[in-house]
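Sequential numbering from 1 along the given sequence is applied to the chain's residues. All values below come from the heavy atoms of this structure, side chains included, with hydrogens, waters and symmetry mates left out.
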Amino acid sequence: MNQEIIESQTAVEPNPTTAPTKYSPDNPPWNSLEALGVWLFSVAAIFVLTAFFLISYLIINDVNISDVQVFQKAAKQPGAVLAQIAAVIPAHILTIVSAWLVITRFKKYSFTKMLGWHWAGYNWWQIVVGMFGLLVLVFGLALAMSQIFGESDNELLKILRSSRYAVFLVAFMATISAPFVEEVIYRGVLYSAFQRTFNIPVAVLLVTLVFALVHFPQYWGDYATLSTLLFLSLILTMVRVKTGSLLPCILLHFLINGIQSVGLILEPYFPNTLNSHPVQSFFF
């Protein structure tokens, strides 16, 4: 009897020789529910802070926000538009903080190692050639979609036409913060968790669709840009699959948005391009 008790106790004791789990970008320490939580927080942060900045601006300027028609008209004024754009900056900061907490488990793991912060063994000339080829593909797709669907106006173009200050602020965020923040959330947090929970094809499909859908409201009705966004999202996600790293995704995202930013800033010197050139219509 005593021997049975001793054996039973021994069987349930953990094996001290068991190796700790080795986490990596493809085997992250967070799960899909946590990843979805970070994503939902990122979307909510932009929505809540944009509303807060807009309402605060209107109140400071003595606008009657209880009158719906007055509110809607005032929200389209240049100053109000700038307030809404500026709200994205603190939203991005809060998003990165939330992602960092989940990815590192409160500093238990390395942020960069868990996301894949390397060039996947490629040397500099391979990176240059690869990025150049992908840029040609991306902007070629944008041109092709504009030829197929035609060119339409969208909410982002309306924002850009509101003032030159809006152009500079959008260009800054699209080049500096958006590539880093969005890639961390979509190709970093979401993709890493989804490919482990499901499989690679399902993860690619989900991340591609979710990334594109989040950007749809600002381009609704502009089918050339909407279709381009789907292709862009797929390309970025496949780069993550191919390289196993987030760094190439961030660089490609940075280059795409950076080229568009330069085009926007130089637009006054090239009349009518802001209204017609497809290269300037799909910031993301």
Considering all heavy atoms, the nearest Ser110-Thr104 contact:
C-CG2, 4.4 Å
Can you establish whether the number of heavy atoms outside Tyr223 located under 6.0 Å from its atom OH is more than 12?
no
Side-chain touch Met114/Pro29, heavy atoms, less than 4.5 angstrom:
yes
Quick one: do Leu234 and Val204 satisfy side-chain contact (heavy atoms from CB on, under 4.5 Å)? Show the steps, please.
CA-CA 7 Å; Leu234 177 61; Val204 169; 3.7 Å; yes
Quick check for you: to the nearest 0.5 Å, what is the distance between Glu267 atom CD and Tyr269 atom OH?
10.5 Å
More than 12 non-hydrogen atoms from neighbouring residues, nucleotides or ligands closer than 6.0 Å to CZ on Phe231, yes or no?
no
Tell me whether Leu40 is reachable from Ile185 by hopping between hydrophobic residues (I, L, V, M, F, W, Y) whose side-chain heavy atoms are closer than 4.5 Å.
yes
same_hphob_cluster(Leu226, Ile256) at 4.5 Å side-chain heavy-atom cutoff
yes
Can you list the steps and then say if Lys158 with Asp153 is a side-chain contact (heavy atoms from CB on, under 4.5 Å)?
CA-CA 8 Å; Lys158 293 176 183 177; Asp153 203 7; 3.7 Å; yes
In Å and rounded to the nearest 0.5 Å, what is the CG to OG1 distance from Leu229 to Thr208?
11.5 Å
State whether Arg105 and Glu34 are salt-bridged, where the test is any N-O pair (Lys NZ or Arg NE/NH1/NH2 against Asp/Glu carboxylate O) under 4.0 Å.
yes
Measure the shortest side-chain to side-chain distance between His215 and Ser233 over non-hydrogen atoms and say whether it is less than 4.5 angstrom.
no
Report the relative orientation of the aromatic rings in Phe180 and Trp117; use parallel for angles under 30°, tilted for 30 to 60°, perpendicular for over 60°.
perpendicular
Are the side chain of Trp100 and the backbone of Phe111 linked by a donor-acceptor contact shorter than 3.5 Å?
no
Nearest-0.5 Å distance, CG of residue Leu251 to CG of residue Leu246
11.5 Å
Can you sort out the partners of Thr197 under side chain to side chain donor-acceptor pair (under 3.5 Å), two or more places apart, ordered by chain and number?
Ser32
Is Arg240 close enough and on-axis enough to Tyr186, meaning under 6.0 Å and within 45°, for cation-pi?
no
Is there a donor-acceptor pair under 3.5 Å between the side chain of Ser56 and the backbone N or O of Phe53?
no
According to a 4.5 Å side-chain heavy-atom criterion applied to Ile, Leu, Val, Met, Phe, Trp and Tyr, with indirect links allowed, do Val48 and Ile55 form part of one hydrophobic cluster?
no
Quick one: pull up CD in Gln218 and CG in Leu156 and give me the separation to the nearest 0.5 Å.
5.5 Å
Does Ser245 reach the main-chain N or O of His118 with its side chain, forming a donor-acceptor pair under 3.5 Å?
yes
Taking the side chain as every heavy atom from C-beta outward, state whether Leu157 and Leu160 have any atom pair closer than 4.5 Å.
yes
For Pro248 and Thr243 the tightest heavy-atom approach is CG-OG1, 3.9 Å
Please determine whether side-chain contact (heavy atoms from CB on, under 4.5 Å) holds for the pair Phe198 and Leu206, giving the CA-CA distance in whole Å, both sets of side-chain angles, and the decisive distance to 0.1 Å.
CA-CA 10 Å; Phe198 307 106; Leu206 289 176; 3.9 Å; yes
With distance as the sole test, does Asn31 use its side chain to make a donor-acceptor pair with the main-chain N or O of Leu33 at under 3.5 Å?
yes
Main chain of Pro179, side chain of Glu182: is a donor-acceptor contact present, judged purely on distance under 3.5 Å?
no
Are any non-hydrogen side-chain atoms of Val189 and Trp39 less than 4.5 angstrom apart?
no
Is it the case that the side chain of Arg187 and the backbone of Leu236 share a donor-acceptor pair, with hydrogens and angles ignored and the cut-off at 3.5 Å?
no
Check whether more than 12 heavy atoms from other residues, nucleotides or ligands sit under 6.0 Å from atom CZ of Phe216, and answer yes or no.
yes
Could you report the tightest heavy-atom contact between Asn257 and Ala174, atom names first, then the distance?
ND2-O, 2.8 Å
Got a sec: does the CZ of Phe254 have more than 12 other heavy atoms crowding it under 6.0 Å?
no
Check the hydrophobic clustering (I, L, V, M, F, W, Y; side-chain heavy atoms under 4.5 Å; chains of links allowed) and say if Ile103 and Phe106 are grouped together.
yes
Please examine the side chains of Thr228 and Tyr219, heavy atoms only from C-beta on, and report whether any two atoms are closer than 4.5 Å.
no
Please find the pair of heavy atoms, one from Pro25 and one from Gly116, that lie closest to each other, and give the distance.
CG-N, 3.4 Å
Minimal non-hydrogen separation, Asp26 against Arg196, with atom names:
O-CB, 4.3 Å
Between Trp119 and Leu247, is there a side-chain heavy-atom distance shorter than 4.5 Å?
yes
Determine yes or no for a side-chain-to-main-chain donor-acceptor pair under 3.5 angstrom, with Gln77 supplying the side chain and Ala74 the backbone.
no
What do you reckon, is CZ of Phe47 surrounded by more than 12 foreign heavy atoms closer than 6.0 Å?
no
Say you draw a straight line from CG of Leu255 to CD1 of Ile250; how long is it, rounded to the nearest 0.5 Å?
12.0 Å
Any heavy-atom pair between the side chains of Tyr109 and Pro28 that's under 4.5 Å?
no
Please tell me if the side chains of Leu252 and Met131 come closer than 4.5 Å, counting only heavy atoms from C-beta onward.
yes
Could you give the distance from CG (Leu230) to CG (Leu209), rounded to the nearest 0.5 Å?
6.5 Å
Between Phe139 and Ile259, does a side-chain contact (heavy atoms from CB on, under 4.5 Å) hold up when you go through it step by step?
CA-CA 10 Å; Phe139 289 107; Ile259 290 171; 3.8 Å; yes
For Ala75, does its backbone N or O pair with a side-chain atom of Gln84 as donor and acceptor, under 3.5 Å?
yes
Tell me whether Ser152 contacts the main-chain N or O of Asp222 through its side chain, where contact means a donor paired with an acceptor under 3.5 Å.
no
Please find the pair of heavy atoms, one from Leu82 and one from Leu169, that lie closest to each other, and give the distance.
O-CD2, 3.9 Å
Any donor-acceptor pair under 3.5 Å from Ser227 side chain to Ala224 backbone:
yes
Out of curiosity, does Leu134 fall in the hydrophobic cluster containing Phe132 (side-chain heavy atoms, cut-off under 4.5 Å, transitive links)?
no
